[in-house]
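See structure below.
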Amino acid sequence: MKKEEEIKKSKALDVSIKEGSAASVSSSFGDSYISAFATEIAHQTNPANAGLYVGSLSAVSSLVSPIAQLYGSNLMKKYPRKKIVLTFVLLQALIWIPLAALAFSFYFDFYKNLTIYAVIILYSLIAILGGLAYPAWFSWMGDIVPENQRGKYFSKRNLITGIVGLVAIIIGALMIRWFEKLALTIIGFGLFFVLAAIFRLISFKTFKKQYLPKFYFHKKDYISLSQFLKNQDNYKKFAIYQAVFNFTIMIASPFFLVYMKQDLNFSYSTIMIISVSSSIFYLLFSKFAGKVSDKYGNVKLMYISNLCFVASPLFWIILKNPISLIFIPQLVVGLGNAAFVISTTNFTYDAVPQQKRGEYVAYTNILIGIGAFIGSILGGLLLKYLSIMSFNKFIILFLIAAVARFLAFLIFLPSIKEVKRVSQFHPMHIKLGHPFKTLHHEIGHFTFSR
């Protein structure tokens with residue numbers, strides 16, 4: 001019986017990769033272009049407030065999703081996890097259709113001034129539906145992935161789904177370039193949202209084939225939000241750090257696209273190529289991050305991630321050329337994202353008991369959402385009202401973001417302790433006379449040692 005269960009779980013892991021690939025394509029045509037869509041609408045209707053609109057889009061969607069996760073975790077008390085995920089994934093797919101309709105109506109001058117508000121509302125609905133499904137999905141995945149293979153499996157899953165999504169983004173960038181030449185950029189966005197709906201429906205259909213292990217909820221396992229906030233345990237410190245870190249991230253992150261469009265005057269195809277480049281580096285570093293997680297733990301990966309995100313906005317201050325933006329700040333962000341995704345996911349699985357994962361993830365993401373909401377709004381307001389002599393307001397914003405990220409690194413990250421027993425970093429073999437041998441040895445150690 002146990003062997004049959006293991007076979008079902010093994011097949012479920014393969015199904016999850018297929019589902020994630022379809023979801024990744026949907027996200028590539030939908031989520032990846034929603035800010036560009038909002039920027040283009042604002043650019044045509046009210047360019048002075050473009051930063052505020054894009055900031056509001058990020059802020060509202062970042063806040064409502066984790067609040068919805070609170071309700072989503074409670075749904076697991078009454079309904080099967082599979083039913084919860086299927087219901088809200090289907091609704092997500094359907095919401096992309098009216099977003100596509102908004103693009104077409106904007107192109108034909110119907111209610112143009114109201115379009116940006118409708119975009120914020122509809123995309124927030126997509127975020128809410130995703131939030132309702134997430135705790136059940138996270139709990140579900142925790143039950144089918146073997147504990148000692150989480151770093152390996154999730155790095156593999158992230159690599160495959162990331163490559164699929166990356167291909168979709170590149171295709172999208174080529175398509176949007178063609179639409180720009182025809183002066184049909186808005187129509188292009190509308191077609192992308194139709195594709196987002198189609199591939200989310202494919203994701204929904206694939207979910208139906210994924211095995212769901214039995215799950216029993218006991219009232220004694222429930223912890224309320226107030227109880228969670230009163231805790232002084234290691235995971236609570238992790239949740240607080242996550243909130244502060246995401247606050248600092250969102251001060252600047254939503255506005256790199258606006259900066260490229262308004263100050264650097266890049267085309268949308270160039271903007272998307274620069275944006276997608278971080279995903280390429282993320283994929284290249286995913287396997288490395290998974291190995292570090294399994295061998296050296298997740299807290300060390302958090303240090304790597306945070307330092308990468310401190311450096312990123314500083315590079316944006318001094319670099320203006322698309323090639324240099326791709327190979328310096330975007331490479332750094334790719335490494336940071338790979339370390340961040342693996343470390344935070346695996347730390348949660350390691351630190352939280354199975355029965356409490358839904359609540360703990362929901363409560364953590366509420367704190368993250370509040371941080372992201374405040375950060376996005378603050379960034380948008382700073383862009384609108386910040387004025388320091390003749391300095392470029394984007395440059396000042398990026399500098400503020402870098403300082404805030406470094407303070408999060410210094411103040412909050414050191415309080416988090418590793419949950420599982422892991423190896424210590426090996427002593428470095430530094431040879432001043434042979435720097436390339438030193439570099440080769442260190443890279444080889446991380447890449448091949450287990």
Side-chain angles (χ1 to χ4, degrees), residues 26-65 67-68 88 90-132 172-173 175-201 254-255 257-262 265-269 271-272 275 373 376-377 379-381 383-385:
S26 175
S27 180
S28 295
F29 283 112
D31 302 303
S32 297
Y33 283 94
I34 194 71
S35 291
F37 179 51
T39 300
E40 180 63 21
I41 291 171
H43 192 67
Q44 291 191 29
T45 56
N46 193 348
N49 287 331
L52 197 56
Y53 288 142
V54 174
S56 297
L57 177 70
S58 297
V60 175
S61 60
S62 297
L63 182 62
V64 297
S65 177
I67 292 174
F88 296 119
L90 176 61
L91 291 174
Q92 258 192 331
L94 297 177
I95 296 294
W96 283 111
I97 300 302
L99 268 168
L102 276 179
F104 301 138
S105 67
F106 185 88
Y107 179 79
F108 291 106
D109 289 330
F110 291 123
Y111 303 104
K112 291 185 73 168
N113 291 329
L114 299 177
T115 301
I116 188 66
Y117 304 106
V119 169
I120 293 172
I121 292 170
L122 287 173
Y123 189 66
S124 296
L125 281 175
I126 289 176
I128 289 170
L129 294 167
L132 289 168
M175 290 173 65
I176 205 68
R177 183 178 182 182
W178 182 71
F179 281 114
E180 278 184 297
K181 288 181 178 179
L182 297 177
L184 296 172
T185 305
I186 290 294
I187 295 294
F189 287 132
L191 292 176
F192 286 176
F193 299 153
V194 171
L195 290 171
I198 291 171
F199 280 95
R200 200 56 173 144
L201 287 172
F255 309 107
L257 191 151
V258 181
Y259 172 63
M260 286 188 282
K261 182 64 179 176
Q262 290 192 351
N265 295 314
F266 292 163
S267 67
Y268 279 114
S269 55
I271 289 171
M272 294 315 300
S275 299
F373 176 84
S376 297
I377 293 296
L381 290 173
L383 269 187
K384 183 172 176 60
Y385 298 109

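- Atom OG in Ser62 sits 11.0 Å away from atom CD1 in Ile67 (nearest 0.5 Å).
- Seen from the ring of Tyr268, Lys261 counts as a face-on cation partner, given the 6.0 Å and 45° thresholds.
- Distance alone, capped at 3.5 Å, places no donor-acceptor pair between the Ser376 side chain and the Phe373 backbone.
- Two residues are said to be in side-chain contact when any heavy atoms from C-beta on lie closer than 4.5 Å; Ser35 and Leu57 meet this criterion.
- No more than 12 heavy atoms of other residues, nucleotides or ligands sit less than 6.0 Å from atom NZ of Lys181.
- Between Leu122 and Leu125 there is a side-chain heavy-atom pair separated by less than 4.5 Å.
- Proximity of Ile41 to Tyr53: side-chain heavy atoms (C-beta onward) are nowhere separated by under 4.5 Å.
- Here the closest heavy-atom approach between residue Ala197 and residue Trp96 is recorded as CB-CB, 3.7 Å.
- Judged purely by atom type and a 3.5 angstrom limit, Ser275 has no side-chain atom pairing as donor or acceptor with the backbone of Met272.
- Summarising the geometry, atom OG belonging to Ser26 is positioned 7.5 Å from atom CD belonging to Gln92; distances are rounded to the nearest 0.5 Å.
- When all heavy atoms of Phe255 and Gly380 are compared, the pair lying nearest together is CZ-N, 3.3 Å.
- Using modelled atom types, no side-chain atom of Ser269 and backbone atom of Arg177 make a donor-acceptor pair closer than 3.5 Å.
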Could you walk me through whether Leu99 and Ile126 pass the side chain to side chain contact (heavy atoms under 4.5 Å, CB included) test, one step at a time? CA-CA 10 Å; Leu99 268 168; Ile126 289 176; 3.7 Å; yes
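- Between Thr115 atom OG1 and Gln44 atom CD the span is 10.0 Å, to the nearest 0.5 Å.
- Distance CZ/Phe37 to CD1/Ile176: 10.5 Å, rounded to 0.5 Å.
- We find the OG-CD1 distance between Ser58 and Ile120 to be 9.5 Å, quoted to the nearest 0.5 Å.
- In plain terms, the two heavy atoms of Val60 and Ser124 that are nearest each other are CG1-OG, 3.1 Å.
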Mind listing the side-chain donor-acceptor pairs of residues 182-194 below 3.5 Å, one per line with the distance, residues two or more places apart or on another chain?
none

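- The shortest side-chain heavy-atom distance between Leu383 and Leu52 does not fall under the 4.5 Å cut-off.
- Rounding to the nearest 0.5 Å places CD1 of Ile377 at 6.5 Å from CG of Leu381.
- Using a 4.5 Å cut-off on side-chain heavy atoms (C-beta onward), Asn46 and Ile116 make no contact.
- What you find for Val54 and Pro254 is that their closest heavy atoms are CG1-O, 3.5 Å.
- Taking a 6.0 Å sphere around CZ of Phe199, one finds it holds 12 or fewer heavy atoms contributed by other residues, nucleotides or ligands.
- In plain terms, the two heavy atoms of Phe29 and Gly172 that are nearest each other are CE2-CA, 4.0 Å.
- Among all heavy-atom pairs drawn from Ile95 and Leu129, the shortest one is CG1-CD1, 3.9 Å.
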